[in-house]
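What follows is a single structure, written as structure tokens, with notes after it.
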Amino acid sequence: MSDKILVSVAWPYANADIHVGNIVGSHLPADIFARYHRLRGDEVLMVSGTDSHGTPVTVRADAEGTTPLLVYERFHKRFLEVFVKLGITYDLFTTTHTENHFKVSQDMFLALLKNGYLYQEKRQLMYSESEKRFLPDRYVEGECYICHFPDARGDQCDNCGNLLEAELLINPRSKIDGTRPVLRETEHYFLDLGKFAPAIEEYLSHGKEFWRPNVLAFTRNIVAELHGRPITRDLDWGIPVPIEGTEGKCLYVWFEAVIGYLSASIEWARNAGTPEAWKKWWYDPAARTYYFIGKDNIPFHTVIWPAQLLGAGKLYGGPNDEALNLPYDVPANEFMNMEGRRISGSRNWGVWGLKYLETYDPDPLRYYLTAQMPETRDSDWNWNDYLRRNNDELVATWGNLVNRILSFTAKNYDSVVPQPGLMDEADTLLLAQIDRAFEPIGTQIGACKFKAALSDVMALAREVNKYVDDKAPWFSIKTDRARTATTLYVALRAIDSLKVLFAPFLPFTGQRLHEMLGYSGDLFGQQIINEYQEATRSHLGLTYDSSTITVKWQPSQLPSGQQFRSVAPLFKKLDDKIVEQERAKLGS
RNA sequence: CGCGGGGUAGAGCAGUGGCAGCUCGUCGGGCUCAUAACCCGGAGGUCACAGGUUCGAAUCCUGUCCCCGCUACCA
């Protein structure tokens, strides 16, 4: 029986390229999870998109002398490219800059307003008369009112380190044109989070034992002191507040971006020609919704988004009048550092997806990132470690197992899966051990324990290497062809099973191995980039066609007599020199 | 005392009351099918530190030190 699984992934900001921290934090674990559930035959919907609004995008546009629209479009296109090359199989990766998302966000705003969860409040904020707009804190400089450093930023003083209130700076000036901003009163909408505290506590109080302890502890702590947060800002790049007389005000990004999970699901259904199909993930109480994010995003997904969903109530209405589903699990990852220091775009301290793929293959990256995934604590990318895991684990253990058995079979059995004879205890035990592994390894992936699952699969590959060594077919071939045929058949079937167990982690080499073994058909579906036209604008979206999948999460049924196609190594051994070469690029 | 996470073999990690484990590296041996790949064996740890609870603590409690994150536009 198939489960309904919604895989929601953090929306990357359209102001910088995707780096390994973004990939390991959310996109990759989500993809492993989605691929596994698809192999199981579950109904999976995996969505995300580009967060195209917000100050970072505007800041970048100002710096480049261009428009936020062009900045967002440029990075959005590069996101799609990196996800195709890395095999991050989104059913829909869209953007927040669609008419659909505007509409859904505004609908949710209005629903919250109608249900009494929004209130208005006036604030005094910095306003630039020369530019006729309110200035974000970072756009204001002035004398620090604590240490009197003359060039403090609006949000923090670089001299004394204190966090500042921009409106209190002495002699404030605009960072853009140097003019003196004035305080001007502005009215904003606030989400009344305090009203949700009892409901959120109730939500967190049962059935959350499987949540990662840090996520749960962090969340429970926040719920204790919930207060209203502004959800609108004085900006012109974003989603307009859908109320008369609020010109020049937009929905604040943190409020609007999370709504993307819902709007992307709706868009996916509409694009597929089944406009109601999204409802089975959002209204069926048996559906499970997962949110793959980085730890910086925890409160938005475990408190604020549930509050929005609770407050919006039934919104568009489920088939049986159900309310919207709350997050089932939020498996947030910690951060991955780069050679001991925090990844930083401005200092060029990191490894970027597209850049990496110019030189290296996707599966070794997926392997290394999974093995180093920051599931319980911060981890570190280290090029020496990358080299070691590629050469000593991927190449030496798994790649070599495949290569030694396939080439031996090619050489001695004419590239045909041999007919096994009577199996002895060792043969039976090995196959039983691997057949039995599907369930516990699947359970681990389903529980978002990706490191442990991958390490268990690799341990099985070592078991098969050991079996081959014990059987020594290179000896038996000289005296007992029947015995050797059995050994090779057992090893090949083990390899064929390992192909499936590794598949969620290593889809590209999995597909190659699948073909080498002589199968036709695909392990996974195809990724397709489409252009979608709405009434007034168009956007690119990445989608996934799973109709060609022929493989299931189950032990190999490899038929003897099947003819191999070409046999070639799955992985490339890397030269030691890359460590110094790659390290030299950091920080330059 | 702002909040949360973490400190276990050279490196990276698992291990929530019962003889301290895994991968890699290292040392020694074996094999030769395989990308000098594979297999076997050994060495290596006062489980951050100090107290406490317990027949028994890496694991529970108290205190201390150190690292990381959140509160900002660096995921």
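Below, read A as the first sequence line, B as the second, and so on, with proteins coming before strands; counting in each chain starts at 1. As a basis for the values below, the full set of heavy atoms in this structure was taken, side chains included, without hydrogen atoms, waters or symmetry mates.
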Side-chain donor/acceptor of A:Arg483 to backbone N/O of A:Pro473, under 3.5 Å: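 Here the side-chain-to-backbone pair does not exist.
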
When you measure from the side chain of A:Tyr90 to the backbone N and O of A:Phe83, does any donor-acceptor pair fall under 3.5 Å?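 Judged by distance alone, no pair lies under 3.5 Å.
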
What is the separation between atom [atom1] on [X] and atom [atom2] on [N], rounded to the nearest whole Å?
X	N	atom1	atom2	result
A:Asp575	B:A37	CG	P	12 Å
A:His301	B:G4	NE2	P	22 Å
A:Trp381	B:G12	CH2	P	17 Å
A:Arg341	B:C74	CZ	C1'	13 Å
A:Asn297	B:C74	CG	P	11 Å
A:Asn348	B:C74	CG	C1'	13 Å
A:Asp380	B:G7	CG	P	16 Å
A:Trp254	B:C73	CH2	P	13 Å

Side chain proximity check, A:Tyr127 to A:Thr186, heavy atoms < 4.5 angstrom: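 When only atoms from C-beta onward are counted, A:Thr186 and A:Tyr127 do not touch, as no gap falls below 4.5 Å.
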
As a test of reading the structure: which of B:G6, B:A37, B:C24 is closest to the side chain of A:Glu393, going by heavy atoms?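 The closest nucleotide is B:C24.
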
Please tell me which of the listed nucleotides, B:A75, B:C38, B:G7, lies nearest to the side chain of A:Ile343?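 The listed nucleotide nearest to A:Ile343's side chain is B:A75.
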
Can you tell me, in whole Å, how much space there is between the [atom1] of [N] and that of [M]?
N	M	atom1	value
B:C66	B:C73	P	30 Å
B:G44	B:C1	P	48 Å
B:G7	B:A50	C1'	16 Å
B:G52	B:A57	C1'	11 Å
B:G45	B:A58	C1'	11 Å
B:C61	B:U16	C1'	14 Å
B:U8	B:G2	C1'	30 Å
B:U23	B:G42	P	13 Å

Is it true that A:Asp496 and A:Arg493 have a side-chain N and a carboxylate O under 4.0 angstrom from each other?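 Looking at A:Arg493 together with A:Asp496, the answer is no, because their closest N to O distance does not fall below 4.0 Å.
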
Heavy atoms only, 4.0 Å cut-off, all strands: where does [X] land among base, sugar-phosphate and nothing?
X	result
A:Ile477	nothing
A:Met458	nothing
A:Ser26	nothing

[X]: which residues meet the salt bridge (charged side-chain N to carboxylate O under 4.0 Å, His left out) condition with it, sequence neighbours left out?
X	answer
A:Arg512	none
A:Lys295	A:Glu334, A:Asp378
A:Lys411	none
A:Asp363	none

Nearest-nucleotide wise, let me know which of A:Lys451 and A:Lys466 is further upstream toward the 5' end of RNA chain B.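 First, find each residue's nearest nucleotide; the 5'-ward one identifies A:Lys451.
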
Nearest-nucleotide 5' precedence on RNA chain B, A:Tyr252 against A:Glu463: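 Its nearest nucleotide being more 5', the pick is A:Glu463.
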
Option from A:Phe79, A:Trp11, A:Phe292 for which side chain to side chain contact (heavy atoms under 4.5 Å, CB included) with A:Ser48 holds: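 Only one option passes, and that is A:Trp11.
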
Show me the side-chain donor-acceptor pairs of residues 453-468 of chain A shorter than 3.5 Å, one per line, residues at least two apart or across chains.
{"from": "A:Asp456", "atom 1": "OD2", "to": "A:Gln444", "atom 2": "NE2", "distance (Å)": "2.6"}
{"from": "A:Asn465", "atom 1": "OD1", "to": "A:Arg404", "atom 2": "NH1", "distance (Å)": "2.8"}
{"from": "A:Asn465", "atom 1": "ND2", "to": "A:Thr397", "atom 2": "O", "distance (Å)": "3.1"}
{"from": "A:Tyr467", "atom 1": "OH", "to": "A:Asp427", "atom 2": "OD1", "distance (Å)": "2.6"}

All ring-ring contact (aromatic ring centres under 6.0 Å, His included) counterparts of A:Phe450, not counting sequence neighbours: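 Applying ring-ring contact (aromatic ring centres under 6.0 Å, His included) to A:Phe450 gives none.
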
Kindly write out the residues that satisfy ring-ring contact (aromatic ring centres under 6.0 Å, His included) with A:Trp237, not counting sequence neighbours, or none if the list is empty.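 With sequence neighbours excluded, A:Trp237 shows a ring-ring contact (aromatic ring centres under 6.0 Å, His included) to A:His53, A:His97, given in chain and number order.
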
Can you sort out the partners of A:Ala34 under side chain to side chain contact (heavy atoms under 4.5 Å, CB included), two or more places apart, ordered by chain and number?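 Applying side chain to side chain contact (heavy atoms under 4.5 Å, CB included) to A:Ala34 gives A:Val7, A:Arg38, A:Val44, A:Met46.
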
Phosphate contact (B:C73 OP1 or OP2) by A:Arg60 side-chain N/O below 4.0 Å: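 Checking B:C73 against A:Arg60, no side-chain N or O comes under 4.0 Å of OP1 or OP2.
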
Any donor-acceptor N or O pair under 3.5 Å, side chains A:Tyr367, A:Glu393: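 There is such a pair (donor and acceptor under 3.5 Å, judged by atom type) between the side chains of A:Tyr367 and A:Glu393.
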
How far apart are the C-alpha atoms of A:Phe300 and A:Trp305, what are their side-chain angles, what is the distance that settles it, and do they pass the ring-ring contact (aromatic ring centres under 6.0 Å, His included) test? CA-CA 6 Å; A:Phe300 294 102; A:Trp305 179 231; over 10 Å; no

Are more than 12 heavy atoms, taken from residues, nucleotides or ligands other than A:Asp236, located less than 6.0 Å from that residue's CG atom?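 Not buried by this count: 12 neighbours or fewer within 6.0 Å.
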
At a heavy-atom distance below 4.0 Å, what parts of residues 11-24 of chain A sit against RNA chain B?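 Nucleic-acid contacts, sorted: A:His19, A:Gly21, A:Asn22.
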
With B for base contact, S for sugar-phosphate-only contact and - for none (protein heavy atoms under 4.0 Å), nucleotides 25-36 of chain B reads S-----SSBBB-

For RNA chain B, stems built from three or more consecutive Watson-Crick or G-U wobble pairs below 3.5 Å: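 RNA chain B stems, ordered by first number: B:2-7 with B:65-70, B:10-13 with B:21-24, B:26-30 with B:38-42, B:48-52 with B:60-64.
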
Could you list all N or O pairs between the protein and nucleotides 66-69 of chain B that sit under 3.5 Å apart?
{"from": "B:C68", "atom 1": "O2'", "to": "A:Asp378", "atom 2": "OD2", "distance (Å)": "2.1"}
{"from": "B:G69", "atom 1": "O4'", "to": "A:Lys295", "atom 2": "NZ", "distance (Å)": "3.3"}

